[in-house]
Structure formats: structure tokens, C-alpha cells
Amino acid sequence: MEMEQLVALCKRRGFLFQSSEVYGGLQGFWDYGPMGVELKRNVREAWWRDMVTSHNELDVPPGAPSAFEMTGLDCAIIMHPQVWKCSGHYDLFHDYMVDCRESKRRYRYDQVCGRWVTCKSHRIFVASEVGGKEAEELTQHKAMKFFDLRAKDAAALDWDGPLVSLSTVRDFSQTLGPDAKTLGTLTEPREFNLMFKTIAGALGGEEDTVFLRPETAQGIFVNFKNVCDSTRVKIPFGIAQIGKSFRNEITPRNFTFRSREFEQMEIEFFCRPETSPQWYQYWRGRRYQWYLDLGLSRERLRLRDHEKEELSHYSCGTADIEYAFPFLASGEFGELEGVAHRGDFDLRSHMEGKLVRQDGQLVVELDGEGKPRYRGSGKDLSYLDEVTKERFIPHVIEPSAGADRATLAFLCEAYCEDEAPDEHGKPTRRVVLKFHPRLAPIKAAVFPLVKKDGMPEVAREIYAALKPHLTVFYDEKSAVGRRYRRQDEIGTPFCITVDGQTLQDGTVTVRDRDTLRQWRIPKGECLAELRSRLAM
RNA sequence: GCGGGUGUAGCUCAAUGGUAGAGCGGCGGCUUCCCAAGCCGCUGACGUGGGUUCGAUUCCCAUCACCCGCUCCA
């Protein structure tokens, strides 16, 4: 399947539009049209229902170490800036970078250093990515090469002062980049604000800077105590949240896959440290199965454990659920969801302050004066087991899914071109979205075969009877074949058609999207028939 | 961020230094008893901003967006 055809269908049938298209579009932002909003809503609702509302906390689900509770939360997108300092996002997302036009490499501005040198009446700054003694040798070597000197002519280089940071250099036109052979190839330092910055308060200045959340998870961690105190939930339990998050992706690309505004479906599952490995295994498998159950094919979906080197400094295990999107090279997969064992990193961070790994231990990061780099809340976020009277900091398993990525995967999986006979029985090309019935934006369409002989009246009755229960669509325009094809393109699983026989015996035909098969049922049984076929 | 490509109607594609044409679609009508049929009519576009020119959709520059490759990626 060509991605362009899916993108074209999404636009033509109202699934996805480029954001602000009338103004030429905005990179990394997308709008869901009338069909798209239903599809994405169905994805979200399937997730919420399956993970939260239909979960029975009295039973032990297959594969789970024990019974557990699930509850929900909906946090503000904007939170106290300290949240992001302690979570580590602030430091991670705030780098000044310089790019080299020649080497195509990108450097952290604060990590590049170098020395001034004069030779042949020409004063240049020789930059290096490394520091210390190594940098002295490197810059010497680079300067020799640049001025075309032989080893014995090293004395011709007149070094001007010690190794200094690139940030002391005003003008890059006389700067030799770390991997460049010519001068002036470095761009101005640019701040990479991977978090969206804004101002809280109408008169707010720099000190009122706040951030749009780059993930929903932190809202759950900082509300952990509130949830415990207000709901009587007992460990093990999970808190689920669906909501928008924002990241300034450097390269938004591949349709909605890497968007700057996106929606997450996250669970933070809190458990006793000693049972956390089993819970990690449980969620890993459960979340993988969820995508299979909603129609993603086993061939295109995989569960991949991260290598040790790939793990974040705080994670004791992470697995990605990945889909072979058609825009990726064959054999490549894109992340739909990450299931991470995060230990007690997050709750501890919000108690003690930003943590770093030191000698295999997570310790509070200190500044130059030996004080915490970012102070935590100071609140006790530990958990007291009221039965055993044990107090501990729960460990966290985090299944974090992308709602837009899941929606895109379901669209890709559903897109299908096959052949259907036309009115002369000749096979013609048909485009159909074979959505799982739970995800289909429209569950059924109702047609009169022709717009006369009282058929529209009966069809409208059926439509009105279905409308309160299911998302249905009525159409009486043009030939019935065309109407079927239109429904195929938006993935409607069933069409109900009123014909001449309906007027005689009260039966209607039901037509199946995937098989094109038709059968008759009494017109009064449409709702029951659809409910059983849709399994809803 | 870099390099290459693309940008004309809702979609697919034409033509042109003198203000754009088709097919499909959509809408209305006629016809039509099961898979994009037929007939009639209607609808509708040069991504944006500059420049050159008497005149630019066409040439030039910039910009925005998309695609491909590289880079980056919590």
C-alpha cells in the first residue's frame, strides 16, 4: 500500500486534514475531520473501557499476579515548572545547539570549546568537541592542517590564551568547526526548546514561564497522594489518563506519526517493589494483545525488548510495541507504545528532587554548592500498607501509548484495495477500510434501494430506530452501488437496504463490507442483528 | 538542520509570457429493483509574498507545506 493513497483517502473522506491548511499548513500539526474524530474517539474509548471502566478489580485476570484496581485521572496540561525540572525533562529538553553546515553535525553549544590561534597574520578560533589535554592536541593538529603547516613548523602557530568555551566567541565567521575544514560553517547557537514554552498570567514575564506538558505521566505522579487519599485504592493499582501532550519534534514527518501536538493514553501502575517484575511482564503482554484484538496483524506488530544500552538511566526494563508502518523501510517498525518498568524513580524525584545515576544508585543531583540541583516537593509520597504496616515507595510500570499513532496504525492496517463486480459483473477496483467494528466511525448505513415506491419512508423509519443506539448514516442519493462504495471507503461494516420485497414481506437486506455477502432479516430486527454482528 | 524533488478544481492530470482544459468526484434533475451504469445541467484551481515585464500560473528570488534521502530522536 502506498502511503500517498491513504493520505489522499484520509483527506477526501474527512479523516485527517493538515492543520491550518488554508494558510499553507503548519508542520507537525494535524486536524481530525468528521470521520477521523469518530475513529480516534473509538480508539480512545476502546482503550478507556478496556483498561479502566470494564476492569473487574475482584477477579484475577489471566496472566496477572493478583487482582488489581484501575482508576482514572485528567490533569491540567500546564503544571508547576518544578515538575519538569524534577522529572528531568527541563534539562533534557533545553539545549543550545550549533549546527555545522559542512559536516552536517550538530553540537551542544555548551560542550564545544576551542582556542584562538594566529598564523600568517590570520586569527582563527579552532573548535573541538572534546575538552582537556585531548582538545589541546586536537586543536593543534587541526590548526596545522588548516594553515597547511608541516610538523616542524608548529612554532609558526601563535596560540592566544587557553582552551575556552565556544560561548565566549561572538562571531563564528573566523571559527573552525570541530569537524570542518573551512571557516564559518557553524550556525548561530539556537535554543532547542523541545518543550513548548508559554506564559501563565496576563502580565507575566520570564519568571512566569510555564510549559505545556511533554507527557501526561507526570500529572499522575504528582497526584499519586491525592488519588490514594481520596479513593481508598490499595496497591496494586493503576491510574489511567488520556490527554494531549506537546513536544517540539525536530523532524515532524510521516503523516501524523511524529506530530508536535499529540495525544497519549497512559497508565501508571503502582505495585510493591518485589512484585514489579511480574507486573511488568503482565502489562507487556496485555498491551500487545490489545492491538491484536483490535485488528492489527501479527505480521506487522511486534513486541521488542530494549537492549541494555537503550534503557533510560532509571529504567529496569522497557519493551516497545511497534508497528510496521507502510511509510517505513521494509523490516523497520515504528513505536506505538512503550511499556516501561520505571522503578521508584518518579515518585522519588518528586519527593527528593531530580535524580541522577551514580555508581549504580539513583541519587539527588547536586549543584556546585552541594545543594540539590532541583529540589523536590518534600512531600512524603511513600505508601503505607495498612495490613502489614509496611511503608515503601511503590514501583511503577508505565504502559504509555500514542492515541494518534494507534489511530494511524489502524488506518494503515484497514486500508485495502480489492475487486468487486460492477453492474455488468466485471471486476472493478474497490478501496475499502476494513476497520474492526469497534473502531469503525459509522457502524451501519441505511438505504432505500431506489428513491420511490415508499422505500425511503421505510428506510427512514429504520434509520430513526437505530440512531439512538448506534452511529448510523442515511443515504438515498444516486445508484445503490455507488452508495455501497462510499461506505466502503469510510469503513462502514454493514449496509441495510430497503427494496421491493421489504414492502411485501417486511424484510431488508444486510450487506457485509468485507465479503459483499447479502442476507435478509425482518426490518424490526436491524438493531439486534447489528448488535450481534458488531459484538456491541 | 542539510541535499534532491513536488506544489494548477475535492482527487488524478493537461496547457500557456496575453487571466486556464479534461476525466473522476460533488450538487440538482430524469432514469434506475443490489455494487462507482446512462442522459441533461451546475459546481470548482494556478500554495504564499516579492521581483523582472506593458502583462507572470509560466521567468527569477524568498517563504510555507508535502515527498525521498541524510541527520536527530525523551
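When the C1' atom is compared between B:rG25 and B:rC33, the two are found 25 Å apart, to the nearest whole Å. When the P atom is used for both B:rU43 and B:rG21, the distance is 13 Å, rounded to whole Å. Taking atom P on both nucleotides, B:rU58 is separated from B:rG51 by 14 Å, rounded to a whole Å. One P atom belongs to B:rC60, the other to B:rU16, and the distance between them is 16 Å to the nearest Å. As rounded to the nearest Å, B:rG18 and B:rG5 have C1' atoms that lie 30 Å from one another. Taking atom C1' on both nucleotides, B:rC13 is separated from B:rG17 by 23 Å, rounded to a whole Å. With both ends at atom C1', the span from B:rG49 to B:rU57 equals 15 Å, rounded to whole Å. Annotation: B:rG10 and B:rC73 have their P atoms spaced 40 Å apart (nearest Å).
Per the geometry, CD belonging to A:Glu4 stands 10 Å off C1' belonging to B:rU6, to the nearest Å. In this entry the distance linking CZ of A:Arg483 with P of B:rC35 reads 12 Å, nearest Å. Atom pair A:Leu26:CG and B:rA65:C1' shows a separation of 10 Å (rounding to whole Å applied). For A:Gln501 and B:rC33, the CD to P distance is 15 Å, given to the nearest whole Å. Here B:rC35 presents its P atom at 18 Å from CG of A:Asp514, a figure rounded to the nearest Å. Rounded to whole Å, the distance from CD on A:Glu417 to P on B:rC35 is 21 Å. Atom CD in A:Glu476 sits roughly 16 Å away from atom P in B:rU32 (whole-Å rounding). A:Phe327 places its CZ atom 10 Å from the P atom of B:rC67, with the value rounded to the nearest Å.
Listed nucleotides: B:rC35, B:rA65, B:rC34. Nearest to the side chain of A:Arg511: B:rC35. Nearest nucleotide to the side chain of A:Arg486, out of B:rC68, B:rU32, B:rG26: B:rG26. Closest contact between the side chain of A:Tyr484 and the listed nucleotides B:rC33, B:rC68, B:rC34 involves B:rC34. In the set B:rA74, B:rA36, B:rU32, B:rA74 carries the atom at the smallest distance from any side-chain atom of A:Leu194.
When ring centroids are compared, A:Phe257 and A:Phe325 come within the 6.0 Å threshold.
Taking the side chain as every heavy atom from C-beta outward, A:Arg511 and A:Tyr484 approach each other to under 4.5 Å. Contact annotation: the side chain of A:Ile496 never approaches that of A:Val472 to less than 4.5 Å [non-hydrogen atoms, C-beta and beyond].
Residue-level contact check: A:Ser478 touches neither bases nor backbone, having no heavy atom under 4.0 Å from any strand. No contact: A:Gln487 has no heavy atom under 4.0 Å from any strand. Residue A:Phe29 is classed as having no contact, given no heavy-atom separation below 4.0 Å to the nucleic acid. Residue A:Asp453 is classed as a base contact, given a heavy-atom separation below 4.0 Å to a base. Base engagement by A:Arg258 is indicated by at least one non-hydrogen atom pair under 4.0 Å involving a base atom. Among the protein residues, A:Gln18 comes within range of the sugar-phosphate backbone only, with heavy atoms under 4.0 Å from sugar or phosphate atoms but none that close to a base. Using a 4.0 Å heavy-atom cutoff across all strands shown, A:Gln518 reaches at least one base atom of the nucleic acid.
The residue among A:Lys477 and A:Leu516 whose nearest nucleotide of RNA chain B is located toward the 5' end is A:Lys477. If A:Tyr23 and A:Arg253 are placed on RNA chain B by their nearest nucleotide, the residue sitting closer to the 5' end is A:Tyr23.
Judged by distance alone, with hydrogens and angles left aside, A:Arg247 brings a side-chain donor or acceptor within reach of the base of B:rA74, the pair sitting under 3.5 Å. The base of B:rA36 has none of its N or O atoms less than 3.5 Å from a complementary donor or acceptor on the side chain of A:Arg482. Judged by atom type and distance alone, A:Asp499 does not reach the base of B:rC33 through any side-chain donor-acceptor pair under 3.5 Å.
Side chain of A:Arg213 to backbone of A:Trp84: no donor-acceptor contact under 3.5 angstrom is found. At least one donor-acceptor pair closer than 3.5 Å links the side chain of A:Arg247 to the backbone N or O of A:Pro214.
With both pairing distances under 3.5 Å, B:rG21 is matched to B:rC13 as a Watson-Crick or G-U wobble pair. Base-pair partner of B:rC59: B:rG51 (Watson-Crick or G-U wobble, both distances under 3.5 Å). Judged by Watson-Crick or G-U wobble contacts below 3.5 Å, the nucleotide B:rG41 has B:rC27 as its partner. When both pairing distances are held under 3.5 Å, B:rG69 makes a Watson-Crick or G-U pair with B:rC2.
Considering CG of A:Leu296 and SG of A:Cys412, their distance stands at 9.5 Å, rounded to 0.5 Å. Between the CD atom of A:Gln264 and the CD atom of A:Glu337 there is a distance of 10.5 Å, given to the nearest 0.5 Å.
The heavy-atom pair separating A:Tyr415 from A:Leu433 by the smallest distance is CA-CD2, 3.6 Å.
Contact annotation: A:Lys451 does not reach the phosphate of B:rU32 (side-chain N/O to OP1 or OP2, under 4.0 Å). For B:rC66, the OP1/OP2 oxygens have a side-chain nitrogen or oxygen of A:Gln27 closer than 4.0 Å. Contact check, A:Lys11 against B:rC11: a side-chain N or O comes under 4.0 Å of OP1 or OP2.
Regarding the sugar-base torsion, B:rU19 falls in the syn class, its angle being within 90° of 0.
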